[in-house]
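Have a look at the structure below, then the notes.
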Amino acid sequence: MPSEFALIRRHFTRPARHTDLAVGDDAALIRPAAGMQLAISTDMLVAGTHFFADTDPADLGWKTLAVNVSDLAAMGAAPRWVVLAASLPAADENWIAAFASGFFACSEAFGIDVIGGDTTRGPLNLCPTIFGEVPVGQAITRAGARPGDDLWVSGSPGRAALGLAHLRGEVRLAPADRDDCLAALHRPQPRVELGLALRGLASAMLDVSDGLLGDLDHILEQSGVGAQIEEATLPLDPLIAACGDSARAFRACTAGGDDYELLFTTPLEHRAEIGALAARLALPLHRIGAITGPEHGLQLHERDGRLRLLSASGYDHFGSRP
């Protein structure tokens, strides 16, 4: 059985592009470019909580890094470096090789140097810490939304939730829809290019990891505002077509989580620029509502014209999924 250090040398040591000293010493050495701040995030994935234990290891490798890349995209930061701490039940070299192939596929796709980490024996637990760069003063936080701002979401939130429901036997998806939804679940695509392009345009932003409404509530809380969601402009139709259930489609879109799309606000004067950006990136950007005063809370403007107060329920690791 290979040693811990042999496994690291064989599977997790690759040439670095923008790192002074990478894997092999007691610490890595990095230098942010002049005029840049470091953006740092960590997002842990635990077997049985975030993924099934029998998930394909290459898919898991991709997702382990991708969900962390998404956190930097949500700040308008460019990902640069990552360290990985991993607890593994056994030194299964075939599993580790497949996991590393997915992890490094993601690092190559987004230009990230893997610069260190740690391994130990224990329950399957994967914890990257990612570092990125953003020009000083240009990071997009959750605290900048103002009444009157447009509210946008990228892509098609809810596909990952339908993929999970399919795996659990709760819905039966046609092959094309199944493959699309499972790809969204297992191989999420961080919206780095969008996040970078929204510097100077977005007033607040985060990524949708725990459900659109639950994550939106973080913006509302940090910005001290309310919001009105327009049911008619939520991207529900593809979800309804996939699962044949409008109520499930609404729940998947608004509370499903695991989407890693960007939810952001922009002042009205940028509306045309956001439309042009969607065309340039070939990425749907849906204007799903507007920011209101805090006294309004979170409301849904239903298709029939009624207003309904919503509960901002998302995934809670110490509660339950809605």
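Worth saying up front: this structure is predicted, and the values here are computed from it rather than measured. Counting from 1, the numbers follow the sequence of the chain as shown.
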So, does [X] use its side chain to make a donor-acceptor pair with the main chain of [Y] at under 3.5 Å?
X: Ser223; Y: Val225; value: no
X: Thr254; Y: Leu213; value: no
X: His296; Y: Ala227; value: no

Reported [atom1]-to-[atom2] distance for the pair [X] and [Y], which is rounded to 0.5 angstrom:
X: Leu162; Y: Leu167; atom1: CG; atom2: CG; value: 11.0 Å
X: Ser70; Y: Asp43; atom1: OG; atom2: CG; value: 9.0 Å
X: His166; Y: Arg172; atom1: NE2; atom2: CZ; value: 9.0 Å
X: Leu38; Y: Ile30; atom1: CG; atom2: CD1; value: 5.5 Å
X: Trp95; Y: Asp56; atom1: CH2; atom2: CG; value: 10.0 Å
X: Arg142; Y: Asp215; atom1: CZ; atom2: CG; value: 7.0 Å

With a 4.5 Å cut-off on side-chain heavy atoms, are [Y] and [X] touching?
X: Ser154; Y: Leu285; result: yes
X: Leu300; Y: Phe250; result: yes
X: Asp71; Y: Asp207; result: yes
X: Arg199; Y: Pro135; result: yes
X: Phe110; Y: Val82; result: no
X: His18; Y: Trp81; result: yes
X: Ile219; Y: Leu206; result: yes

Would [X] end up clustered with [Y] when hydrophobic side chains under 4.5 Å apart are linked, directly or stepwise?
X: Leu281; Y: Ile140; answer: yes
X: Leu201; Y: Val134; answer: no
X: Leu283; Y: Val153; answer: no
X: Val83; Y: Ile112; answer: no
X: Leu216; Y: Ile288; answer: yes

Shortest non-hydrogen contact from [X] toward [Y]:
X: Cys253; Y: Leu212; value: O-CB, 3.5 Å
X: Ala145; Y: Ile291; value: CB-CG1, 4.2 Å
X: Ser101; Y: Ala98; value: OG-O, 2.6 Å
X: Met75; Y: Met205; value: N-CE, 4.4 Å
X: Pro79; Y: Val69; value: CG-CG1, 4.1 Å
X: Ala160; Y: Gly257; value: CB-O, 4.1 Å

Distance-only check: which donor-acceptor pairs under 3.5 Å involve side-chain atoms of residues 232-248, not counting sequence neighbours?
from: Thr233; atom 1: OG1; to: Glu230; atom 2: O; distance (Å): 3.2
from: Thr233; atom 1: OG1; to: Arg287; atom 2: O; distance (Å): 3.0
from: Asp245; atom 1: OD1; to: Ala247; atom 2: N; distance (Å): 3.0
from: Asp245; atom 1: OD1; to: Arg248; atom 2: N; distance (Å): 3.1

Is atom [atom1] of [X] surrounded by more than 12 heavy atoms (other residues, nucleotides or ligands) closer than 6.0 Å?
X: Arg303; atom1: CZ; answer: yes
X: Gln228; atom1: CD; answer: yes
X: Arg271; atom1: CZ; answer: yes
X: Met36; atom1: CE; answer: yes
X: Asp304; atom1: CG; answer: yes

Legend entry - Connected hydrophobic set around Leu309, excluding itself, where side chains approach under 4.5 Å: none
Legend entry - Apart from Leu21 itself, residues in the same hydrophobic cluster as defined by side-chain heavy atoms under 4.5 Å: Leu29
Legend entry - side chain to side chain contact (heavy atoms under 4.5 Å, CB included) assessment of Trp152 paired with Leu198: CA-CA 12 Å; Trp152 303 82; Leu198 285 171; over 6 Å; no
Inset, instruction - Kindly determine whether Asp217 and Leu298 satisfy side chain to side chain contact (heavy atoms under 4.5 Å, CB included), including the steps that lead there. - result: CA-CA 8 Å; Asp217 192 52; Leu298 178 56; 5.6 Å; no
Legend entry - Set of residues satisfying side chain to side chain donor-acceptor pair (under 3.5 Å) with respect to Arg146, sequence neighbours excluded: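 With neighbours one apart ignored, the set is empty.
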What side-chain donor-acceptor pairs closer than 3.5 Å can you find for residues 58-67, not counting sequence neighbours?
from: Asp59; atom 1: OD1; to: Arg187; atom 2: NE; distance (Å): 2.7
from: Asp59; atom 1: OD1; to: Arg187; atom 2: NH2; distance (Å): 3.3
from: Trp62; atom 1: NE1; to: Pro188; atom 2: O; distance (Å): 2.8
from: Lys63; atom 1: NZ; to: Leu185; atom 2: O; distance (Å): 2.9
from: Lys63; atom 1: NZ; to: Asp258; atom 2: OD2; distance (Å): 2.8
from: Thr64; atom 1: OG1; to: Leu60; atom 2: O; distance (Å): 2.7

Sequence neighbours left out, cut at 3.5 Å: what donor-acceptor pairs do the side chains of residues 124-133 make with other protein atoms?
from: Thr129; atom 1: OG1; to: Thr42; atom 2: OG1; distance (Å): 3.3
from: Glu133; atom 1: OE1; to: Arg80; atom 2: NE; distance (Å): 3.1
from: Glu133; atom 1: OE2; to: Ala33; atom 2: N; distance (Å): 2.6

